[in-house]
Amino acid sequence: MIGARKANARPRRASAVARLSLAYAVVFIVISALFFAGAMHLVAQKNRERLQSLVFADSRALKAKIDEAPAALRLDIARAIVGARIAQGKDRVQYALVTPSGEWSGNLSASDVKVSRGDRLTLTTRGWLSVAAIDRVDLGQGGYILLGRTQDEAGLERDVMGVGLLALALAGFVAFVIGPMASLRLVRRVEAVNQACEAFGAGDLTARAPGAGASDEFGALARSVNAMFERIDDLVGGLREVSNQAAHDLRTPIARLRSDLDTVRAADTLDQARTAAEAAIAETNAILETFDALLDLAEIQAGSTVVLSPVDLSLIARQAADLYRPVAEDAGIALVLDLNPAHVTGEQALLIRVVANLLDNAIKYCPRGSTVCVSVKPVETGVELAVSDDGPGVPAAARNDLLKPRVRGTTSSPGLGLGLALAAAVAARHGADLQLGDGPQNRGLRLSLTFAPTDPVA
């Protein structure tokens, strides 16, 4: 039992949203870190250049004063200036006086100064955020003054580092806290749609994806999935209805067919057998005709016919009328046409078949001397195709039932009762409005289909 449950358990899906969120978080953190490092380097470089310019300006001023003095007095004057400046603590500058004999004096020790290749001087710093600058003023005869400036506080660098670390902390919080929460919410919405699809695939045709009311991409996905579910539900319902109709409506014809075949088998004479066989053939043709009509109706309702295209409704009505004009003349019925050019979007074969069915019903139920009118004209809501007669008509209470499959005007009426059902299916396929009303002078029956107009083909 446990093994069966494990076998039926759905494997846990790896979340593409979570992976993508994590990837973006890593990229964001790396970019933030690079930006932070670049900002730190830029600030340190600018600070170093500022200190160097201050030191250079101070050394040039000091050199100008010393150059004005006689060469023999320069060392003494330099010692006095350095001592005075150290005593004043001016601008936090460090000084060192180096005599020709190599003696050091001042607040800048020899251990703080490094001489690199090319006699380049550098001043050591005590902190990794500190910056320093140094310059040299020659006194002649091997003596010189060193001026150094150190920014041990590195306040600007510390501020930048603080802001950068705060930004990295926020990035990490967004990446590893907010990101997973947001991705979990998105994954739940996608998982809800997946669960609806799985339930629908398992046979629950009432299952629908939640969140269709949202105005984002997931709401659009849910609406599309639900529209697909509803379409499949309609098709399955149509198939079930066709199957039920076929089982119900063909039971009696098949029973009569079997009775005719039994009569053929038990016939005593050839004439009796021939008569029963002809009845069986007629019954078989009726069964096949019923099957074809039901399949056609199901196909139209499923929308599996050709693509709609602009057609002239007046030409379609004229073609159908030309087909039934000889039939109307034989039945003693006048066929009147009132056709105006009108273009709609539709399937020509289906529309011809609908007009033909309507004419067939009108001619079939109207007595001799009646008039059947076919009209195509523009109306306020679009283009109207109407077939009306002045025959016996149909009671208003029973008109809507005529649009259902296998419903006829009377139990003795000929036909399969699918003509108006086919018209209703075609109207739904074309988005047309189907209406049944009274014929001319409140006599007979008038059936109209109102289509949305379209531009004619160039």
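N340 places a side-chain N or O within donor-acceptor distance of the main-chain N or O of V376, the cut-off being under 3.5 Å. Between the T275 side chain and the D271 main chain, a donor and an acceptor come within less than 3.5 Å of each other. Judged by distance alone, with hydrogens and angles left aside, the side-chain atoms of R223 form a donor-acceptor pair with the main-chain N or O of A212 at under 3.5 Å. Looking only at distances, no side-chain donor or acceptor of R265 sits under 3.5 Å from a matching main-chain atom of A273. For the pair S259 (side chain) and A255 (backbone), a donor-acceptor distance under 3.5 Å is absent.
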May I have the step-by-step check of salt bridge (Lys or Arg N to Asp or Glu O under 4.0 Å) for R208 and D233, ending in yes or no?
CA-CA 11 Å; R208 294 295 183 268; D233 192 13; 3.8 Å; yes
Walk me through whether Q94 and L147 qualify under side-chain contact (heavy atoms from CB on, under 4.5 Å).
CA-CA 6 Å; Q94 296 173 291; L147 297 87; over 6 Å; no
Could you give me the CA-CA distance, side-chain angles and deciding distance for R446 and E384, then say whether salt bridge (Lys or Arg N to Asp or Glu O under 4.0 Å) is met?
CA-CA 12 Å; R446 184 178 188 271; E384 181 189 72; 2.8 Å; yes
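R325 CZ: more than 12 foreign heavy atoms inside a 6.0 Å radius.
In summary, R318 and D312 do not engage in a salt bridge, as defined by a charged side-chain N under 4.0 Å from a carboxylate O.
Between Q348 and Q319 the shortest side-chain heavy-atom distance falls below 4.5 Å. Side-chain contact between F200 and D204 is absent, with no heavy-atom pair separated by less than 4.5 Å. Under the 4.5 Å side-chain criterion, counting only non-hydrogen atoms from C-beta, L449 is in contact with L358. For the pair V225/C197, a side-chain contact is recorded, criterion being any heavy-atom separation below 4.5 Å from C-beta on. Looking at heavy atoms from C-beta onward, V374 lies in side-chain contact with L359 at the 4.5 angstrom threshold. L351 places a side-chain heavy atom less than 4.5 Å from the side chain of V311.
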Using residues 385-392 as the side-chain source, report each donor-acceptor pair under 3.5 Å to any protein atom, sequence neighbours left out, with the distance given to one decimal.
unit_1, atom_1, unit_2, atom_2, d
D389, OD1, G391, N, 3.0
D389, OD1, L445, N, 3.3
D390, OD1, T371, N, 2.9

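The shortest heavy-atom contact between A222 and P210 is CB-O, 3.5 Å. Of all non-hydrogen atoms in L337 and A321, the two that sit nearest each other are CD2-CB, 3.6 Å. Between L261 and A280 the shortest heavy-atom distance is CD2-CB, 4.0 Å. Summarising the geometry of F56 relative to I134, their closest heavy-atom pair is CE2-O, 4.3 Å, with the distance given to 0.1 Å.
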